[in-house]
Amino acid sequence: MTTTVPRFEELAAPSHWRTVDFISDLHLQASEPATVDAFTRYLTHGSADALFILGDLFEVWVGDDAMAEPGCFEAQGCAALQAAAQRMPVYFMHGNRDFLAGQGFAQHCGITLLDDPTVLTFAGQRYLLSHGDLLCIDDVDYQRFRVQARSSAWQHQFLSKPLATRRAQARGIRQESEARKQSGASYADVDHTAAIAWLHAADAHTLVHGHTHKPATHTLAPGLQRVVLSDWDAAALPPRLETLRLSAAGLERVKLAPTYQPS
């Protein structure tokens with residue numbers, strides 16, 4: 001399966017920004033309280049001038065109306081984002097798990113939705129930002145589903161269902177995904193040639209993305225690289241809690257320490 005080079009949005013960092021943090025693939029859910037706690041603490045004590053969340057912040061998002069359900073997990077996550085957005089700009093790019101997060105979610109949290117992909121100009125350099133799933137072109141079944149699920153017709157049909165039905169359907173999808181992981185099935189990685197094509201088209205030297213859960217820095221060609229964000233799992237051994245920090249000096253991985261203690 002092939003992919004065309006998409007249209008890139010442009011975002012220029014204000015001159016007063018000194019550090020920018022990138023995170024992705026936290027897959028926040030009520031059953032992972034240690035990771036939720038780590039995220040909340042990071043938002044409370046983080047020192048970056050801006051935060052970019054490059055997809056899959058939530059394990060699943062079944063519609064913005066879920067935030068209004070009393071006692072729901074979505075409201076907890078949104079409260080943390082609201083507090084952070086009062087201190088710094090927060091940008092959110094859709095992932096393959098939370099692509100249904102809409103303007104209602106963004107307005108409620110006080111954050112800005114970011115197109116995938118977007119070019120960020122910072123300290124005179126251009127960085128190409130993406131969730132990364134669109135570049136995994138060998139995952140043919142997923143790419144077909146992605147086209148379907150991003151259509152307005154599919155989303156209207158899904159969001160028209162009762163909230164309880166949508167939650168049940170999401171649980172079924174998560175169970176299928178977990179079963180696939182447990183089976184040892186391999187997942188397609190970002191396509192090397194497509195990544196280079198994107199960078200050339202965007203006039204950028206570095207692609208920053210998540211999705212694959214394979215944090216690394218890959219040299220694609222002379223002067224071109226892709227930097228893969230880590231997923232988050234505070235309960236893993238060792239814990240996976242990491243931000244990618246951008247400053248005038250370049251990119252640096254910053255590991256966070258978990259402190260959550262189960263009650």
**Q.** Step-by-step side-chain hydrogen bond (donor to acceptor under 3.5 Å, both in side chains) determination, Q125 to H205
**A.** CA-CA 8 Å; Q125 302 294 319; H205 58 78; 3.0 Å; yes
From [atom1] ([X]) to [atom2] ([Y]), nearest 0.5 Å:
X: K255; Y: E242; atom1: NZ; atom2: CD; result: 4.0 Å
X: L163; Y: C72; atom1: CG; atom2: SG; result: 8.5 Å
X: H209; Y: M93; atom1: NE2; atom2: CE; result: 12.0 Å
X: R166; Y: R171; atom1: CZ; atom2: CZ; result: 12.5 Å

Considering all heavy atoms, the nearest [X]-[Y] contact:
X: L159; Y: G63; result: CD2-CA, 3.8 Å
X: L81; Y: L43; result: N-CD1, 4.0 Å
X: A195; Y: L220; result: CB-CD1, 4.0 Å
X: F8; Y: A201; result: CE1-CB, 3.6 Å
X: L26; Y: T35; result: O-CG2, 4.0 Å

Taking NZ, NE, NH1 and NH2 as the nitrogens, is one of them in [X] or [Y] under 4.0 Å from a carboxylate oxygen of the other?
X: E252; Y: R245; value: no
X: D21; Y: R253; value: no
X: D189; Y: R226; value: yes
X: R144; Y: D139; value: no

Q.
Could you walk me through whether R240 and D231 satisfy the salt bridge (charged side-chain N to carboxylate O under 4.0 Å, His left out) test, starting with their C-alpha distance in whole Å, then the side-chain angles of each, then the deciding distance to 0.1 Å, before giving a yes or no?
A. CA-CA 7 Å; R240 297 191 302 276; D231 63 320; 2.9 Å; yes
Indicate, with yes or no, if the rings of [X] and [Y] have centres closer together than 6.0 Å.
X: H213; Y: H27; value: yes
X: Y127; Y: F22; value: no
X: W61; Y: F105; value: yes

Q: Answer with yes or no whether the hydrophobic clustering places L120 together with L134; edges join I, L, V, M, F, W, Y residues whose side-chain heavy atoms lie under 4.5 Å apart.
A: no
Q: Check the hydrophobic clustering (I, L, V, M, F, W, Y; side-chain heavy atoms under 4.5 Å; chains of links allowed) and say if L229 and V90 are grouped together.
A: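 No, no single cluster joins them.
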Q) Step by step, would you call E69 with R167 a salt bridge (charged side-chain N to carboxylate O under 4.0 Å, His left out)? A) CA-CA 12 Å; E69 188 175 51; R167 289 196 185 281; 2.8 Å; yes
Q) Does a donor on one side chain and an acceptor on the other come within less than 3.5 Å for H131 and N96? A) yes
Q. Between F99 and W154, what is the ring plane arrangement, given parallel below 30°, perpendicular above 60°, and tilted in between?
A. tilted
**Q.** R97 and D133: CA distance, side-chain angles, deciding distance, salt bridge (charged side-chain N to carboxylate O under 4.0 Å, His left out) verdict
**A.** CA-CA 11 Å; R97 298 300 186 97; D133 57 327; over 6 Å; no
